[in-house]
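Model, not experiment: these values are computed from the prediction.
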Amino acid sequence: MTRKNWIGVDWGITNLRAYLMDTNGQICDQRVSSKGMMHCGNTPFADVLDDLVSDWSGDGRPPVLMCGMIGSRQGWHETAYVPCPVDHNGLRDAIEPVPGADGCFMVPGISCRDDRGHWDVMRSEETQIFGLLSLLDAPAGDRVVCLPGTHTKWVSLSGSGLRHFETAMTGEIFSVLCGSSILGTLMTDRNP
């Protein structure tokens, strides 16, 4: 039998995704819920998480590592953004325990400033990016990664670190055009 090592959680605004991981970093089981942080109602976040993963506990729940909007001001426990540039060690060192939730930890988001002094932020995409970096054969040179979505992220990588990123509102603008404009009535296929 595989020993369960930890639970990884990506808890966004609209969805909650949980992954039961083994000691080798392989996914043993996974769950998806529509109980994103804005859809929990009056139910405490701890109860929402327990409802989703309580049967994974066995002899005691393994540690839980959470990322996403659940770490925002409106979430369970706000974590400060780590500024760019940052590598995985800098992100790891900024992980915080969730007060009052033994064994639960929060990965912070990342912030950066553009040449004009405007701030940009991300929460959860940073874990996807560092996961991608861990899959690459060797960190080499500069790379650009696109993470499409409601708020698409264009990320500049350098070696094994995240150097800079920019957010493009393309997914949200597409949704608004589909649902609230005359252009939406002309679209036959509204899936990008």
Are [X] and [Y] close enough that some pair of their side-chain heavy atoms sits under 4.5 Å apart?
X: V155; Y: Q128; value: no
X: V64; Y: M66; value: yes
X: C84; Y: I110; value: yes
X: R92; Y: F130; value: no
X: T152; Y: C146; value: yes
X: V107; Y: T79; value: no
X: I7; Y: M21; value: no

L49 vs R61, test: side-chain contact (heavy atoms from CB on, under 4.5 Å). Steps then yes/no. CA-CA 11 Å; L49 180 63; R61 186 171 71 195; 4.1 Å; yes
Is there a path of hydrophobic side-chain contacts, each under 4.5 Å between heavy atoms of I/L/V/M/F/W/Y residues, joining [Y] to [X]?
X: L132; Y: I129; answer: yes
X: M38; Y: W76; answer: yes
X: V32; Y: Y19; answer: no

Does [X], at its [atom1] atom, have more than 12 non-hydrogen atoms belonging to other residues, nucleotides or ligands within less than 6.0 Å?
X: H88; atom1: NE2; result: no
X: I95; atom1: CD1; result: yes
X: E166; atom1: CD; result: no
X: D93; atom1: CG; result: yes

Which distance, rounded to the nearest 0.5 Å, do you find between the [atom1] of [X] and the [atom2] of [Y]?
X: W11; Y: S33; atom1: CH2; atom2: OG; result: 8.5 Å
X: D10; Y: E125; atom1: CG; atom2: CD; result: 8.5 Å
X: D50; Y: D55; atom1: CG; atom2: CG; result: 11.0 Å
X: R73; Y: E78; atom1: CZ; atom2: CD; result: 4.5 Å
X: E126; Y: K153; atom1: CD; atom2: NZ; result: 9.5 Å
X: W56; Y: W6; atom1: CH2; atom2: CH2; result: 11.0 Å

Is the backbone of [Y] close enough, under 3.5 Å, to the side chain of [X] for a donor and an acceptor to pair up by distance?
X: S180; Y: L177; value: no
X: D114; Y: R116; value: yes
X: R31; Y: L52; value: yes
X: D29; Y: L20; value: no

Take H39 and S34 through the side-chain contact (heavy atoms from CB on, under 4.5 Å) test and state the conclusion after the steps.
CA-CA 7 Å; H39 301 288; S34 60; over 6 Å; no
Exercise for the section: Please determine which of V9, L65, V98 meets the side-chain contact (heavy atoms from CB on, under 4.5 Å) test together with C104. Expected result: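 Filter result, single survivor: V98.
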Original post:
How about Y81 and W119: are their ring centroids closer than 6.0 Å?
Top reply: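 No, the ring centres sit 6.0 Å or more apart.
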Self-check item: Ion pair D51/K35, N-O distance below 4.0 Å
Solution: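 Salt bridge absent between D51 and K35.
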With side-chain contact (heavy atoms from CB on, under 4.5 Å) as the criterion, how do M122 and L147 come out once you've worked through the C-alpha distance, each side chain's angles and the decisive distance to 0.1 Å?
CA-CA 11 Å; M122 68 167 67; L147 297 164; 5.6 Å; no
